[in-house]
Structures are given as C-alpha cells and as structure tokens.
Amino acid sequence: MVFFKDYTCPSSQFKYLIVGTEGSTVETKFLVHDSFVGRYVDPWPQLRNTLHIRSWTSKYDHKSNKASKAWYLEKPNPQRTNIASTLSNLSRHMILEELRWGDNIVLEGEYHCISGNWEWTEDVLSKNGQSLNNACISDDVFASLFTYDRNSNIIQAFCEAWCPQTNTLLTSIGETSISLSDLHILGGLPISGVPYEEVIPNSTELTGLDDKRERFLPRTCECMFAAFHHLKEKNNGNMRVSFNEWIQFWCKKDSKYELASPRKEKKSRHLSSTHIPTGEIPTEINTWSSNQEMAFLSLERNTKNMTYLTAFLSCWLCAFVFPSEEGNFIRPETFKIASLMVNGKRVSLAVPVLASIYHGLNKISNSSQLDHIRVCFPIHYVYGWLAYYLKTHYPLTSGPYLPRMVVYSGEGAAKYFDKDEARKRLHRGESIVWNATMLSRPHPTYYIDDGKAPELELDYLISLHFNYLPLRRRGSFVIEPYSPHRFSRQFGFHQDIPGYLENDTRAESLDEGLRYWRICISRATMSKATFPPTVNAAGHPLGSPHEMPQVSDESTAISKPKAQSISNIEQEQKTSSTSRGQTLKGLTPNSNGFSRVLPKSNGAMSVFEGKGVVFNHKRKYIFGLLGSLGRDLWKTLQNFSRQYFILQR
C-alpha cells in the first residue's frame with residue numbers, strides 16, 4: 001500500500017512530498033512548489049496593469065487614394081526607433097567575421113520517437129479519442145506519431161536572421177515570425193485555457209477533499225506518483241526514470257514499427273517509404289490484455305482508461321511538447337497537469353511552447369561562440385513553420401492533412417539546400433507565403449471580445465495582441481515579449497515600421513508570472529478588432545505582387561460591407577479537436593478555410609546578406625520609383641498635348 005505525507009526541511013524550510021510503501025523503508029522525496037492551478041490554490045488576486053487597449057486595430061487611409069482601405073495593428077505604449085541602426089543578429093556578426101558556425105551544434109529539442117511510443121500513441125488515440133478532444137489536444141497528440149526532418153543549412157540561415165531584440169526573423173522584404181496562431185494551426189496547440197505549470201503538489205492537494213467532498217486532484221495523479229516510486233525501487237533508488245522504462249511499464253503492446261535510422265542530410269527527393277506510422281488509427285478496442293492489466297494490479301487501482309491516458313500525457317509532455325535539457329526522462333512535475341487534462345481541463349499550451357521556442361532561439365543568437373552550442377526547445381514546430389511559410393519541405397501527396405505540420409513529416413521530407421541556397425531562401429524572404437494562416441474571408445470582420453465568442457475566435461484575437469509570454473520553470477518564470485505588430489503582414493494587416501520594446505527576457509516571481517499569463521489569455525476585455533479580408537478591391541489575394549500598400553494607390557481591402565460576426569467562420573476554420581475519423585479521410589489542405597497567398601513587397605528593408613544585397617534592393621527600389629515618376633510625367637505631358645491640340649482647333 002502506497003502512502004503520501006509532507007515534510008519540511010528544518011534548515012532550508014523547503015517543502016517535500018514523501019511517497020513510500022507500507023512495510024518498506026525506501027521513500028521517494030519530491031520538492032514541492034506553490035501552484036496557481038486547481039481547486040486547492042488560493043483565489044487569484046485582482047488583475048492590475050493590464051496591457052489591453054480599447055481597439056487592437058486601426059484603419060489606415062492612403063493619402064493619395066481616400067477610397068483605399070487597410071488596417072494595421074495597434075500596440076500599448078507605442079515606441080519608435082531607428083531599426084536600421086539598432087536591430088542585430090548573427091548575420092551581422094558573420095559579415096564582420098566576428099563569428100562562424102562550428103561543427104558541434106546539438107539541438108536537444110529534436111523529437112526522436114522512443115521504442116514503443118508509436119504503438120502507445122496509436123493505442124491512446126484509439127481508446128481515448130473523446131478525452132483528447134475534450135482537452136483540445138487530439139491534433140497535437142496525433143502530430144507526435146510522426147518524425148520531422150530538417151536541413152541543417154536552413155536552420156543555420158534561420159538562426160542567422162533571427163533577431164533576439166524583437167523575436168522576429170529579419171528578411172530583406174520585411175519581418176516575420178512564429179505566431180501563437182501558427183502553433184495552433186500547424187501543431188494543434190490550444191492558445192486559451194488555464195496556465196500550464198509543472199509542479200509537485202503537497203499531500204493534502206494530492207489526496208485531500210474540498211468542502212464539497214470532491215477531490216482536489218483526480219485520483220490518477222496519485223497513480224503516477226505511485227508508479228514512479230515503484231520504478232525507482234526497481235531501479236535501485238535511481239530518481240531518473242527514462243522514457244523507455246515508463247513506456248515499458250504502462251504499454252504492453254507488441255512492437256510493429258522499426259525505429260528510424262539516424263538522421264542524414266539527403267539531396268534526393270522525399271522518400272517513398274519510411275519507418276513511421278501512416279496515421280491509420282486502429283479501431284477502438286475496449287478490452288485489456290493480461291499484460292496490460294499487470295500495470296494496474298501493481299498499483300492497486302482500477303481507473304484504467306484515465307490512468308492509462310494520464311501516464312501517456314505525462315510522457316508526451318516531456319518528450320514532444322516540452323523537451324528538457326535533462327534528457328529523455330520522465331518529469332514528475334507533469335503528473336498534476338496531465339491528470340487535469342485527462343479530466344477535460346483545457347490548458348494553454350501554445351503560450352509556453354512559443355516562449356520556449358523564442359528563448360531557445362535567443363540563446364543561439366546571443367551565443368558568443370558558435371563552435372559548441374547545446375540548446376533544447378521543441379524545434380519540430382519550427383521545422384513545420386519553415387515548411388509551411390518558406391516551402392523548405394516536400395509535402396505529403398496523400399494521407400492526413402491536420403494538423404498542418406503533419407503534411408511535412410517523415411524521413412527525407414526536408415529539401416536539400418547548400419549554404420548559399422539556404423541563405424537566399426531565408427534572408428531574401430522572396431519565397432515567404434505571407435498570410436498563410438490568416439482568416440480566409442471576402443469581407444472585413446468586426447469583432448468584440450465580449451466573452452461570448454467561441455474559443456476559436458478568442459484564440460485568433462489573442463494572436464494579434466502585443467504581450468509577454470510566460471514559461472514557468474519550477475519556482476520562477478521566463479518572460480518573452482510577443483510583438484505581432486512587427487509581423488502583422490502575416491495576418492493581412494498593413495505593415496508599419498514599428499518601434500519595439502527591447503527583449504528584456506528575465507526570470508520573474510510567481511505573482512508576476514501569473515499576472516503576465518492572465519493578461520495574455522484574458523477574455524471579456526471588451527477590446528475591439530477588425531480582421532482584414534483576403535482579397536482587395538482589384539480582386540487580387542491580399543499580399544500579392546499587385547498590392548504594394550506603401551508605394552501604390554491600389555486598395556488592400558474591398559468596400560466596407562455591413563458589419564458581420566466572426567462566428568460564421570467557426571466551422572470553416574475549426575482545426576483544434578478535429579476527430580481522427582475526419583482527419584484520416586484525407587481532408588484537403590484548404591478544407592478548414594485558411595488559404596495560401598503569394599508574398600507581397602514591402603518598402604521596409606533590413607541588412608542580411610552584406611552590403612551588396614542591400615545596395616541591389618535599394619537600386620531596384622530607386623529605379624522602380626524613378627520609372628513610376630517617369631511614367632506619370634509622360635502621361636501628364638500626353639494629356640497636356642491633347643488639351644493643347646483641342647484648344648488650337
């Protein structure tokens with residue numbers, strides 16, 4: 001029989017959860033941190049100093065054409081600065097020969113499937129589909145069935161153009177970045193929801209009841225700590241339980257997949273056959289084999305489905321969503337949040353994942369030496385973003401299409417680029433698919449955050465907010481600025497040349513971290529926004545070469561229609577919690593309402609490929625401007641000649 005108790009160290013006053021077995025002297029000790037999620041925690045204080053403003057979008061009027069309509073994103077406390085003299089990245093240091101890439105670059109966040117994990121994932125998707133849908137994570141769990149390839153030169157070029165001051169990718173035709181909306185569409189990660197945290201509960205929260213005689217935490221959370229203690233005993237007291245040990249304990253499925261061979265750079269096209277699953281989920285089987293029953297007998301518990309899913313999600317969070325520099329080991333801090341997700345709690349995953357990605361990229365960009373880098377963050381989401389926005393991967397010709405990153409999964413999916421080709425693709429930005437994940441609407445959409453809209457609409461509005469993204473790491477937070485106004489072209493907005501709040505990434509206290517999180521995912525703020533349409537007055541897709549809002553008189557929007565609710569688009573663009581049955585029928589890439597459009601030109605320029613590239617772009621711009629003035633002057637002279645000829649007659 002397993003027991004739980006609390007212990008406070010007299011000298012340090014640190015609090016611990018003690019797990020033991022009756023009749024045994026072996027105990028497992030876990031460090032407890034304060035929590036802010038669940039029934040046991042104190043009520044949150046009143047929110048102060050919010051970053052919300054009355055309207056997150058403003059209408060932009062072309063001075064030369066009053067009929068032209070466009071919108072741009074607002075930001076709290078606007079600041080302006082000379083970006084040409086302040087923004088920096090690795091590329092600038094390489095031009096000055098201050099840095100160069102080494103041969104020992106380790107991306108520890110790369111997702112590698114563990115033995116037995118594919119079989120376990122398929123079994124969970126088969127048995128627990130409804131529970132995954134309730135927690136809005138079925139798409140992201142499905143995405144973990146696959147591996148994600150990359151081209152090293154593309155990743156290096158991406159890091160060279162990454163600006164740690166703004167958390168954006170600087171290209172010669174404008175800035176772009178990974179947005180919260182991108183993570184939702186590409187990876188199926190929920191944006192809104194309760195804050196994500198990894199903490200150890202005390203024994204009262206773990207086993208106790210509230211005033212209504214309801215448990216503070218699901219019983220499955222107890223089972224996770226009991227299983228971890230059991231595996232520690234078997235492992236001679238070693239506090240590190242590997243992914244393999246955890247999977248072998250819970251999943252007794254026969255292996256049917258070979259592990260993928262070590263990744264190699266390939267110059268050939270996408271492989272026709274791979275080691276990964278096809279995405280075909282077996283028919284749900286409610287029966288449990290005798291081997292599977294053994295795991296529950298050793299724990300003296302009978303909540304099979306819920307316990308089984310909680311164990312899987314704990315491993316999934318550690319391996320796929322939040323990989324750790326500590327290695328391929330189970331983190332007991334995930335047990336609480338996993339048990340809440342199994343009980344249907346929607347958890348905001350996109351916010352901490354994006355903070356982790358920003359933090360990892362900035363660690364590379366701020367490195368003083370590039371010959372030996374070890375960094376860990378979920379970089380497979382970056383691979384999916386590069387494939388979707390810059391066409392760096394071969395898409396699947398058949399199979400599942402949701403979430404979108406799955407389309408670019410598999411061995412050999414990454415196209416081959418040498419160093420020069422990779423830098424051209426990334427630094428020039430000519431291949432960027434602008435507005436790839438914006439709302440696909442023929443008319444402007446007017447939105448009010450009144451708290452009544454569906455989660456899909458709220459998620460999209462959150463993606464447009466300037467914010468601070470919190471990532472909790474045990475007792476403190478890492479905070480990363482999120483500035484969508486700098487890459488607003490991705491959302492179909494007019495691109496201003498904005499100032500920025502310099503990236504002051506820092507650790508914050510629990511209270512401050514919670515405040516940032518509540519600001520980030522708050523709702524019912526009564527803020528307003530206008531979402532641009534995807535076509536302009538000339539009928540061209542927004543972002544096409546026909547539209548140059550900074551140097552042209554053409555409209556970027558159609559005439560203002562009658563105000564309409566965004567709720568009409570919910571069914572068109574519902575990507576979260578898509579049933580596996582729908583996904584496996586082979587939905588078309590545009591089936592959820594999002595559309596790809598061509599890149600558009602932007603007058604704002606940044607320096608990346610050296611002085612030669614900057615000079616060429618400036619020369620093209622000047623010649624184009626002179627050509628435009630010349631044509632206007634010629635037309636004026638022609639009109640004057642006609643009028644003069646008429647008067648003479």
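Each residue takes its place number in the sequence, starting with 1. Hydrogens, waters and symmetry mates are skipped; everything else that's a heavy atom, side chains included, is used.
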Requested in this report: Determine, step by step, whether Y196 and F322 satisfy the ring-ring contact (aromatic ring centres under 6.0 Å, His included) criterion, reporting the C-alpha distance in whole Å, the side-chain angles of both residues, the deciding distance to 0.1 Å, and the verdict.
Outcome: CA-CA 11 Å; Y196 178 85; F322 297 103; 4.5 Å; yes
Quick one: do [X] and [Y] make a salt bridge, cutoff under 4.0 Å?
X    : Y    : result
K127 : E122 : no
R523 : E455 : yes
R472 : E198 : no
R39  : E214 : yes
K336 : E205 : yes

Considering non-hydrogen atoms only, spot the tightest contact between [X] and [Y] and give its length.
X    : Y    : result
A226 : V2   : CB-CG2, 4.0 Å
S192 : L458 : CB-CD2, 4.2 Å
L461 : A529 : CD1-CB, 3.7 Å
S314 : M224 : OG-SD, 4.4 Å
A143 : V406 : CA-CG2, 3.9 Å
L73  : P484 : CD1-O, 3.8 Å

Quick one: does [X]'s side chain get under 4.5 Å of [Y]'s, heavy atoms only?
X    : Y    : answer
V26  : T21  : no
C159 : Q156 : no
P190 : I137 : yes
L132 : F142 : no
K232 : N235 : no
V351 : S348 : yes
T176 : T168 : no
Q490 : D182 : yes

Side-chain donor-acceptor contact under 3.5 Å, [X] with [Y]:
X    : Y    : result
S35  : E197 : yes
S179 : S181 : no
Q130 : N134 : yes
Y308 : D123 : yes
E480 : N362 : yes
N328 : S242 : no

Donor-acceptor pair, distance only, cut-off 3.5 Å: does the side chain of [X] make one with the backbone of [Y]?
X    : Y    : value
S356 : P352 : no
N202 : T204 : yes
W517 : V194 : no
D210 : R213 : yes
K252 : F249 : yes
S463 : D459 : yes
T334 : R331 : yes
S527 : I53  : yes

Atom pair [atom1]/[atom2] of [X] and [Y] - distance to nearest 0.5 Å:
X    : Y    : atom1 : atom2 : value
K234 : E245 : NZ    : CD    : 8.5 Å
L189 : D140 : CG    : CG    : 4.0 Å
L231 : I330 : CG    : CD1   : 9.5 Å
L471 : Y358 : CG    : OH    : 13.5 Å
S203 : Y7   : OG    : OH    : 14.5 Å
L183 : L354 : CG    : CG    : 5.0 Å

Under 6.0 Å between the ring centres of [X] and [Y]?
X    : Y    : value
H465 : Y482 : no
F335 : W246 : yes
H380 : F320 : yes
H359 : F377 : no
Y381 : Y148 : no
W250 : F312 : no

Report task. Dump the intermediate steps for side chain to side chain contact (heavy atoms under 4.5 Å, CB included) on W56 and L464, then the final yes or no. Result -> CA-CA 8 Å; W56 285 101; L464 305 180; 5.5 Å; no
Report task. Apply side chain to side chain contact (heavy atoms under 4.5 Å, CB included) to C315 and W120, showing your working. Result -> CA-CA 11 Å; C315 185; W120 197 10; 4.2 Å; yes
Query raised in the report: Is the cationic atom of K29 (NZ for Lys, CZ for Arg) positioned less than 6.0 Å from the six-membered ring centroid of Y16 and within 45 degrees of its normal?
Result: yes
Query - From CA spacing to verdict: side chain to side chain contact (heavy atoms under 4.5 Å, CB included), L47, I519 - result: CA-CA 8 Å; L47 188 60; I519 292 173; 4.0 Å; yes
**Report entry** side chain to side chain contact (heavy atoms under 4.5 Å, CB included) evaluation trace for L313 with V342
**Finding:** CA-CA 8 Å; L313 290 182; V342 170; 3.7 Å; yes
Query - Residue F3 excluded, over 12 heavy atoms near CZ under 6.0 Å - result: yes
Query raised in the report: For D34, does the CG atom have more than 12 heavy-atom neighbours from other residues, nucleotides or ligands under 6.0 Å away?
Result: no
